[in-house]
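Computed from heavy atoms alone, side chains included, the values below leave out hydrogens, waters and symmetry copies. Positions are given from 1, in the same order as the sequence printed here.
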Amino acid sequence: MLPSAPTILVADDHPLFREALKGAVARLLPQATLVESVDAESLFATAEANPEADLLLLDLNMPGAHGFSALVHLRGVQPQLPIIVVSAREEASVVRRALEHGAAGFIPKSSDTATIGIAIAAVLEGGHWLPPQSDHAGGLAPEEADIAERIRGLTPQQFRVLGMLGSGLLNKQIAHAMGVSEATIKAHMTAILRKLGANNRTQAVLLAGRLAVDPDTRDGD
């Protein structure tokens, strides 16, 4: 049975698709409360501020997170939150990887509003929803599953530091962006390297890059 007034988090940096998602939710559940995020940082803050949220609609790639990294991290820190991935990438392998990383559903961005509503209803009722093309795809490679498990062990602050490392920022720049001391960032770095099993920051970034949709390029939506 659908909740009468659910709280649904919408995380997507594309305004037009956010509007499409909000429209589909409004038609299905007029009393729903929608909370929007446009990047990974605001998403993590929003998720933490709404621990009783009923559903997260998560863009696969947005500022501060690449590929499956935000999904993996959120499944670690808030395992009770059902997540539907939304993406312009519709390959069967991408859909299956999202499911293996803990998504309860996957909505291609080419879907019409009726399909979006069906997917949301299925997950809110405790089920799963995947597009037909996912039926014949395989699961995760062992290496990717192992890296995902390590990423899940990071704290939110450590995950944020790792994301900034991936953007090429130095410790001093990360400290300034986060409003903390450089010594605090160095402590985070030590913990990140230990948890990821990396020898240096470059290796840590390369490991995290294995969760990109296209690991060789770290590109794609």
Inset, instruction - Might you confirm whether atom CD of Glu48 has over 12 heavy atoms from other residues, nucleotides or ligands at distances under 6.0 Å? - result: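 Open: at most 12 neighbouring heavy atoms sit under 6.0 Å from CD of Glu48.
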
Inset, instruction - Check the surroundings of atom CD in Gln80: do more than 12 heavy atoms from other residues, nucleotides or ligands lie under 6.0 Å from it? - result: yes

If only side-chain N and O atoms count, and only distance matters, is there a donor-acceptor pair under 3.5 Å linking [Y] with [X]?
X      : Y      : value
Arg201 : Asn171 : yes
Glu144 : His101 : yes
Thr7   : Thr33  : no

Compare every heavy atom of [Y] with every heavy atom of [X], then report the nearest pair and how far apart it is.
X      : Y      : result
Ile116 : Ala24  : CG2-CB, 3.5 Å
Ala122 : Trp129 : CB-CB, 4.1 Å
Ala121 : Leu28  : N-CD2, 3.9 Å
Val25  : Ala32  : CG1-CB, 3.8 Å

Inset, instruction - Before giving the answer on salt bridge (Lys or Arg N to Asp or Glu O under 4.0 Å), spell out for Lys109 and Glu90 the whole-Å C-alpha distance, their side-chain angles and the decisive distance to 0.1 Å. - result: CA-CA 8 Å; Lys109 286 191 174 182; Glu90 302 181 15; over 6 Å; no

Inset, instruction - Test Leu9 against every option in Leu34, Leu74, Asn50, Asp54 by the side-chain contact (heavy atoms from CB on, under 4.5 Å) rule and name the one that passes. - result: Asn50

Legend entry - Option among Ile174, Leu162, Val161 that satisfies the side-chain contact (heavy atoms from CB on, under 4.5 Å) test with His188: Val161

Legend entry - Basic-acidic side-chain contact under 4.0 Å: Arg97, Glu100: no

Ignoring hydrogens and geometry, is there a side-chain-to-backbone donor-acceptor pair from [X] to [Y] under 3.5 Å?
X      : Y      : answer
Ser87  : Arg89  : yes
Lys195 : Gly153 : yes
Gln31  : Pro6   : no
Arg18  : Asp12  : yes
Gln173 : Leu169 : no
Asp59  : Met62  : no
Ser111 : Ile107 : no

Inset, instruction - List the steps, then state whether salt bridge (Lys or Arg N to Asp or Glu O under 4.0 Å) holds for Arg152 with Glu149. - result: CA-CA 5 Å; Arg152 273 192 287 272; Glu149 187 64 31; 2.9 Å; yes

Inset, instruction - Report the C-alpha separation of Leu57 and Ile120 in whole Å, then their side-chain angles, then the decisive distance to 0.1 Å, and conclude whether the side chain to side chain contact (heavy atoms under 4.5 Å, CB included) test is met. - result: CA-CA 9 Å; Leu57 300 172; Ile120 290 172; 4.1 Å; yes

Legend entry - Any side-chain heavy-atom pair of Phe68 and Leu60 under 4.5 Å: yes

